[in-house]
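Working notes, structure below.
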Amino acid sequence: MRNLVGIEDLSREEIDGLISVAMDIYDNRGKYSEKCKGKILATLFFEPSTRTRLSFESAMLGLGGNVIGFSDASNSSTSKGETLADTITVVSGYSDIIAMRHPKDGSAYVATMHSSVPVINAGDGGHNHPTQTLLDLMTIRKELGRLDNFTIGLCGDLTFGRTVHSLATALSIYDNVNFIFISPKELKMPDYIKEMLTKKGISYTEVENLEENIDKLDVLYMTRVQRERFLNEEDYVRLKDVYILDKEKLKTAKKELCILHPLPRVNEISTEVDDDPRACYFRQAEYGRYMRMALILKLLEL
Ligand code: NCD
């Protein structure tokens with residue numbers, strides 16, 4: 001039985017295979033509409049979500065399956081003091097596959113130890129978010145046309161943003177991806193990610209200024225400052241608006257730049273950018289549905 005806890009659970013061949021299936025589903029939805037008939041997905045969301053939970057649910061419904069779950073842990077027995085282990089033991093008896101989001105780093109791994117069905121990590125604290133990465137890769141492949149030989153700028157909260165941890169890990173298995181980490185010094189990429197890159201012989205640069213570096217980029221991945229992971233509100237308020245991408249900042253950017261954001265956006269991208277052809281973030285969110293369909297099919301071995 002396979003789980004998806006971190007993106008490193010998948011090989012490059014498997015990721016490329018998932019992207020191909022997701023693209024085929026995107027083009028031929030009807031072909032897949034009965035594939036999960038009789039199967040049940042449980043979505044257990046101990047943290048807020050719009051895209052991840054709804055795209056998982058929409059994915060399972062689009063495959064002909066059913067969905068159970070909760071989107072607010074205060075309505076579940078967690079509020080009575082039930083442990084994650086017990087919740088997972090019980091829910092795995094009610095479902096065929098579980099997608100779970102939880103505020104604690106490592107919680108998805110703990111869930112796999114108690115589940116009798118595949119567990120998908122839909123975000124564990126500030127740690128990993130592998131399904132977001134799968135759809136990010138699909139978007140880069142579709143919009144830029146390749147997953148090798150390009151320069152990506154990861155910008156914003158690189159300390160607490162789980163999406164950029166998983167994305168940097170995934171791109172480290174492709175060829176000749178050049179990383180520029182753009183963040184204030186308080187929100188730098190964690191050492192364990194930088195050490196992983198160094199061990200693989202991949203170089204990266206760390207800078208603070210977006211405008212001075214935007215012309216070098218083929219992909220710009222903006223992120224939200226993760227308010228919920230800050231220990232004090234003052235630090236959040238000081239750092240929340242350091243990067244606001246607007247038309248002015250895009251003046252020196254490449255014509256084929258691909259602008260991504262996992263969403264939700266707060267202030268990081270001005271709405272005036274939304275009608276720029278380089279703004280890919282809403283298409284990126286849409287691709288999530290097809291990528292999650294491909295992933296459910298793979299983990300259920302259908
Ligand atoms: C991201 C997350 O939950 O980590 N959202 C998402 O899943 N698309 C990014 C964020 O919340 O900032």
Side-chain angles (χ1 to χ4, degrees), residues 4-7 22 41 43-59 69-73 98-108 119-140 143 152-170 181-184 187 189-190 193 219-230 235-236 239-245 258-269 274 279-293 295-296:
L4 180 63
V5 173
I7 196 69
L41 164 75
T43 53
L44 308 185
F45 277 65
F46 298 86
E47 252 196 357
S49 168
T50 299
R51 275 148 292 274
T52 305
R53 184 174 63 83
L54 293 180
S55 68
F56 260 118
E57 296 189 353
S58 161
F70 55 80
S71 56
D72 179 356
I98 294 174
M100 184 189 98
R101 170 172 290 186
H102 197 281
K104 285 213 176 104
D105 294 29
S107 52
V119 172
I120 301 171
N121 180 7
D124 62 328
H127 188 219
N128 279 180
H129 195 348
T131 67
Q132 178 66 43
T133 293
L134 289 173
L135 72 97
D136 296 341
L137 296 174
M138 175 180 176
T139 310
I140 297 171
E143 303 283 337
I152 184 166
L154 301 172
C155 178
D157 184 349
L158 306 186
T159 300
F160 300 117
R162 53 195 170 197
T163 62
V164 288
H165 304 156
S166 295
L167 184 56
T169 305
F181 299 146
I182 308 162
S183 76
L187 296 175
M189 192 59 103
I193 299 285
V219 177
L220 171 58
Y221 195 95
M222 297 297 291
T223 62
R224 174 179 71 90
V225 177
Q226 306 279 300
R227 180 181 203 160
E228 64 275 36
R229 318 243 181 261
F230 276 69
D235 288 343
Y236 168 72
L239 294 166
K240 72 183 170 72
D241 291 330
V242 268
Y243 303 110
I244 300 178
L245 183 68
C258 171
I259 305 166
L260 303 180
H261 190 309
L263 305 178
R265 121 177 99 180
V266 183
N267 267 337
E268 311 78 55
I269 304 179
D274 293 357
C280 300
Y281 30 92
F282 289 117
R283 291 195 292 281
Q284 179 187 3
E286 189 196 345
Y287 299 148
R289 178 177 189 223
Y290 304 99
M291 181 43 91
R292 290 181 170 112
M293 286 167 105
L295 179 66
I296 290 169

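Order of listing sets the numbers, starting from 1, for every ligand and every atom in it.
- Applying the salt bridge (Lys or Arg N to Asp or Glu O under 4.0 Å) rule to E57 yields the partners R53; only residues at least two apart in sequence or on another chain are considered.
- Without hydrogens or angle criteria, H129 side chain to G161 main chain gives no donor-acceptor distance under 3.5 Å.
- No side-chain heavy atom of Y243 sits under 4.5 Å from any side-chain heavy atom of V225.
- Ring geometry for F46 versus H102: interplanar angle of 30 to 60°, hence tilted.
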Any protein N/O atoms within less than 3.5 Å of an N/O atom in ligand 1? List the atom names and distances, or say none.
{"unit_1": "ligand 1", "atom_1": "3 (O)", "unit_2": "R101", "atom_2": "NH1", "d": "3.4"}
{"unit_1": "ligand 1", "atom_1": "3 (O)", "unit_2": "R101", "atom_2": "NH2", "d": "3.1"}
{"unit_1": "ligand 1", "atom_1": "3 (O)", "unit_2": "R162", "atom_2": "NH2", "d": "2.9"}
{"unit_1": "ligand 1", "atom_1": "4 (O)", "unit_2": "R162", "atom_2": "NE", "d": "2.7"}
{"unit_1": "ligand 1", "atom_1": "5 (N)", "unit_2": "L263", "atom_2": "O", "d": "3.0"}
{"unit_1": "ligand 1", "atom_1": "7 (O)", "unit_2": "T52", "atom_2": "OG1", "d": "2.9"}
{"unit_1": "ligand 1", "atom_1": "7 (O)", "unit_2": "R101", "atom_2": "NH2", "d": "3.0"}
{"unit_1": "ligand 1", "atom_1": "7 (O)", "unit_2": "H129", "atom_2": "NE2", "d": "2.8"}
{"unit_1": "ligand 1", "atom_1": "8 (N)", "unit_2": "Q132", "atom_2": "OE1", "d": "3.1"}
{"unit_1": "ligand 1", "atom_1": "8 (N)", "unit_2": "P262", "atom_2": "O", "d": "2.9"}
{"unit_1": "ligand 1", "atom_1": "8 (N)", "unit_2": "L263", "atom_2": "O", "d": "3.0"}
{"unit_1": "ligand 1", "atom_1": "11 (O)", "unit_2": "R224", "atom_2": "NH2", "d": "2.9"}
{"unit_1": "ligand 1", "atom_1": "12 (O)", "unit_2": "R224", "atom_2": "NE", "d": "2.8"}
{"unit_1": "ligand 1", "atom_1": "12 (O)", "unit_2": "R224", "atom_2": "NH2", "d": "3.3"}
{"unit_1": "ligand 1", "atom_1": "12 (O)", "unit_2": "Q226", "atom_2": "NE2", "d": "2.8"}

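- For R229 and F160, the positive end is not near the middle of the six-membered ring at less than 6.0 Å and at most 45° from its axis.
- Looking at L295 and I120, their side chains come closer than 4.5 Å, going by heavy atoms from C-beta outward.
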